[in-house]
Asks: 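Sharing a structure here in C-alpha cells format.
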Amino acid sequence: MARLILPAPQPRRAELFVPGDKSLTHRALLLAAIADGITDITNPNRGADVAATMRALRMLGVWVRKTPDGVRVRGTQSFVSPRGTIDCGNSGTTMRLVAGLAAGLVDATLDGDESLRRRPMERVARPLRAMGARILTGPHGRPPVTLVGRSRLRGRRFRLHLPSAQVKSAILLAGLRARGCTVVTERLPSRDHTERMLALFGASIVRRGRTVRLTPGRLQSPGRLCIPGDTSAALTMACLAAAVPGSSLTLRDVCLNPTRTGALHVLERMGVHLRMLRPRLEAGETRGDLWVRGIAAPLGGTSVEPAVIPSLIDEVPVLCALAAAARGTFVIRGAADLRHKETDRIASTVALLRSFGVDAAPLSDGIRVRGGKPLSPPPSVATRGDHRIGLAAAVLAAVAQAPLRLEDSACIATSFPGFPEAWQAAFGP
Ligand code: S3P
C-alpha cells in the first residue's frame with residue numbers, strides 16, 4: 001500500500017489548477033456515450049472512479065479513447081450485453097448512473113470492491129423498477145446490481161425524500177428513453193450537474209423550483225466539453241490554506257456550481273478569508289477562481305443546517321478537520337447518509353479527529369467538534385481506503401502544523417490524482 005509522507009506545511013503564495021471535476025467527468029462520459037456524434041472531453045478527472053466509468057462504457061460497446069488532452073467518445077444507440085461482470089471499483093457514481101443508463105437495454109452485472117459492496121443500491125433499483133426495468137440487487141439491497149434483459153421503460157413522477165444526485169441522475173438517464181415524461185421532485189436540492197449537462201446535449205429538460213421535468217429524446221453531442229476543476233478538491237486545498245497562517249492560495253478555473261459550494265459559506269462563517277474571482281457561465285456550469293488566505297486569528301465554530309447538507313456532503317470530513325482549529329463548537333446535522341459513503345463517514349471522521357486528540361463526537365445524523373485546543377498528531381494515520389478521510393488527515397496535520405505519515409494513501413487518487421504535487425506546490429518547503 002502506498003504511503004504518503006508530507007512535511008509540516010509552509011506558508012506560501014501559490015496559484016494552481018486542481019484536477020477536472022469528478023462528478024462532471026462521469027456525466028460527460030455517460031451522456032457522450034448515448035449522444036449522436038463524437039464528444040471530446042478535455043481536462044477530465046483522471047482518477048480511479050472515472051476510470052471505472054470508462055471501463056463500464058467500453059464493456060457496453062461504447063468507443064472511448066484517451067487523447068493527449070482528454071477523452072474522445074463516440075455515442076451509440078445500441079449497447080451490447082457485456083461478457084463479464086462490470087467492475088465499478090470503488091465508485092458508487094459509476095454503479096448507480098450506469099444502472100440508470102443501461103437498465104432495460106442489456107443483460108449486465110455491476111459489482112465493485114469491498115467498500116462498494118457494502119453500499120445501498122435499492123435506492124436506484126426501486127425507481128428503475130417502477131419505470132419498468134428488471135433489476136436485481138444482492139443481499140440487503142447491496143451490490144451486485146444485475147440488469148435483466150430488454151424492457152420498455154415508462155416515464156413517471158418521483159418524489160425524492162433522500163437528497164441524492166446519484167438517484168436523481170439514474171432516473172433521468174433512464175427517462176431519456178422512456179415512454180412519456182419523467183418528473184423528479186426533490187425535498188432538498190442535490191447537485192444539478194446532470195440536468196445542466198442534459199440541456200447542453202440538447203435534451204428537453206425544464207426545472208421549476210425543486211421539480212425537474214424531462215421529455216424523452218435523443219441527445220446531440222456539443223462536440224467539445226471542457227471540464228472545470230473539481231469543486232471538492234478545490235475546497236480541500238482551501239481548508240488546507242485556511243489552516244496555514246500566512247498562506248495565500250489561488251485555485252484556478254474551479255467548478256463553482258452553487259449546488260456544490262455550500263462549504264464556502266460555512267468557511268466564511270468560520271472566519272476564513274476567501275473570495276470567488278471571475279465567476280462565469282461556461283458549458284452550462286459556473287466556474288471561476290477561488291482565492292483563500294490563511295490568517296493567524298483563530299477561526300470560530302458554527303452549526304451547519306440540514307438544508308445545506310447536499311451542497312457540502314463530500315466536504316464534511318475536511319470541514320470537521322478544519323473545525324479542530326476553530327474556537328467553540330462546530331456541529332453538522334441532517335447528514336445521516338454519510339454512513340453510506342465509501343466508509344461510514346460519521347464514524348471514520350470522528351475516529352480520525354480523535355486520533356489527533358480532537359474532542360469530537362458522533363451524532364445520530366452528524367458530527368460535533370469542539371476545537372481550538374492543541375492537537376497531538378499520531379505517528380501515522382490510516383485512510384481506511386476512503387479518499388476523503390485521507391484528505392481530511394492532511395487538513396488535520398496542517399492544523400497541527402505537523403508532518404503527516406499517511407498509510408494506504410493510494411485511495412486519494414480516487415478523486416484527487418496529483419494531490420501530493422498540489423500540496424507541494426502550495427505548502428512545500
Ligand atoms: C455524487 C453525488 C453524491 C456525492 C458523490 C458524488 C454524484 O452522492 O456524495 O461523491 O456525482 O452524483 P449522493 O448522490 O449519493 O448523495
Side-chain angles (χ1 to χ4, degrees), residues 19-31 44-45 47-50 52-53 56 88-101 112 115-116 118-127 141-143 145 158 160-173 184 186-198 212 227-228 230-233 235-236 255 257 259-263 285 306 308-319 332 334-346 348-349 365 386-389 391-392 411-412 414-416:
D21 190 74
K22 179 161 83 75
S23 280
L24 283 170
T25 309
H26 282 298
R27 285 156 173 82
L29 289 164
L30 297 169
L31 298 193
N45 183 288
D49 278 11
V50 165
T53 290
C88 301
N90 191 242
S91 176
T93 313
T94 304
M95 188 170 281
R96 294 182 178 132
L97 270 57
V98 169
L101 189 79
S115 148
L116 186 52
R118 287 194 291 266
R119 298 182 66 185
M121 292 299 147
E122 273 300 310
R123 56 179 64 187
V124 283
R126 223 176 294 117
R142 295 179 180 156
V145 171
F158 294 96
L160 298 188
H161 182 74
L162 177 81
S164 167
Q166 294 182 355
V167 174
K168 176 177 61 177
S169 301
I171 293 170
L172 293 174
L173 290 172
V184 183
E186 297 184 282
R187 187 173 60 85
L188 294 175
S190 64
R191 64 188 70 184
D192 63 359
H193 299 311
T194 303
E195 297 92 303
R196 288 171 181 268
M197 207 180 279
L198 279 168
V212 48
I227 307 289
D230 189 90
T231 316
S232 301
L235 288 166
T236 299
C255 173
N257 178 320
T259 61
R260 289 283 297 284
T261 50
E285 290 284 351
V308 301
I309 291 298
S311 68
L312 51 74
I313 188 74
D314 293 336
E315 282 64 70
V316 170
V318 288
L319 286 174
I332 295 222
D337 205 44
L338 283 174
R339 298 207 184 269
H340 304 293
K341 296 291 178 189
E342 285 83 332
T343 52
D344 170 345
R345 280 202 186 131
I346 293 183
S348 49
T349 302
D365 62 346
D386 186 337
H387 52 131
R388 308 250 181 245
I389 296 299
L391 293 165
C411 60
I412 284 182
T414 297
S415 63
F416 200 158

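Whatever order the structure lists them in is the order used to number ligands and atoms, beginning at 1. All values derive from a computational prediction rather than experimental measurement. Position 1 is the first residue of the sequence; numbering continues from there.
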Asks: What about R123: any of its N or O atoms under 3.5 Å from an N or O on ligand 1?
Replies: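 No; the residue has no nitrogen or oxygen that sits under 3.5 Å from a nitrogen or oxygen of the ligand.
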
Asks: Just one of R345, K341, R260 clears the side chain to side chain contact (heavy atoms under 4.5 Å, CB included) bar with I313, so which one?
Replies: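 Looking at R345, K341, R260, the match for I313 under the side chain to side chain contact (heavy atoms under 4.5 Å, CB included) is K341.
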
Asks: Any idea which atoms of ligand 1 are less than 4.0 Å away from a heavy-atom of T93?
Replies: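 Those of ligand 1 that fall under 4.0 Å from T93 are 6 (C), 11 (O).
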
Asks: Can you see whether R96 engages S169 through a side-chain donor-acceptor pair at a distance of less than 3.5 angstrom?
Replies: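 Per modelled atom types, R96 and S169 side chains form no pair under 3.5 Å.
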
Asks: Does ligand 1 have any atom that is closer than 4.0 Å to a heavy atom of H340?
Replies: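 Per 4.0 Å heavy-atom rule, H340 does not contact ligand 1.
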
Asks: Which residue owns the protein heavy atom closest to atom 11 (O) of ligand 1, what's the atom, and how far is it?
Replies: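 Its nearest protein heavy-atom neighbour is S23 OG, 2.7 Å.
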
Asks: Please check if any side-chain donor atom of T194 sits under 3.5 Å from a side-chain acceptor atom of K168, or the reverse.
Replies: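 Per modelled atom types, T194 and K168 side chains form no pair under 3.5 Å.
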
Asks: Counting both backbone and side chain atoms, is some N or O of I313 under 3.5 Å from an N or O of ligand 1?
Replies: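 In fact, backbone or side chain, I313 has no N or O that close.
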
Asks: Can a non-hydrogen atom of K341 be found less than 4.0 Å from any atom of ligand 1?
Replies: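 True for this residue.
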
Asks: For atom 1 (C) of ligand 1, which protein heavy atom lies nearest, and how many Å away is it?
Replies: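 Heavy-atom neighbour on the protein nearest atom 1 (C) of ligand 1: Q166 NE2, 3.5 Å.
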
Asks: Between S23 and H193, does any side-chain donor sit less than 3.5 Å from a side-chain acceptor?
Replies: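 Short answer, no.
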
Asks: Compute the minimum heavy-atom distance from R191 to ligand 1 and say whether it is under 4.0 Å.
Replies: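 For ligand 1, residue contact (heavy atoms, under 4.0 Å) with R191 is present.
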
Asks: Are any non-hydrogen side-chain atoms of L160 and V184 less than 4.5 angstrom apart?
Replies: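 Yes, their side chains come closer than 4.5 Å.
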
Asks: Within the 3.5 Å criterion, strictly below it, is a donor on D49 or N90 matched to an acceptor on the partner's side chain?
Replies: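 There is no such pair (donor and acceptor under 3.5 Å, judged by atom type) between the side chains of D49 and N90.
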
Asks: Cut-off 3.5 Å, side chains only: do N45 and T25 have a donor facing an acceptor?
Replies: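 No, because no side-chain N or O of N45 sits under 3.5 Å from a partner of the opposite role on T25.
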
Asks: Among all protein heavy atoms in this structure, tell me which lies nearest to atom 10 (O) of ligand 1, with the distance rounded to 0.1 Å.
Replies: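 Its nearest protein heavy-atom neighbour is D314 OD2, 2.9 Å.
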
Asks: Closest non-hydrogen protein atom to atom 12 (O) of ligand 1, residue and atom name please, with distance?
Replies: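 The answer is R27 NH2, 2.6 Å.
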
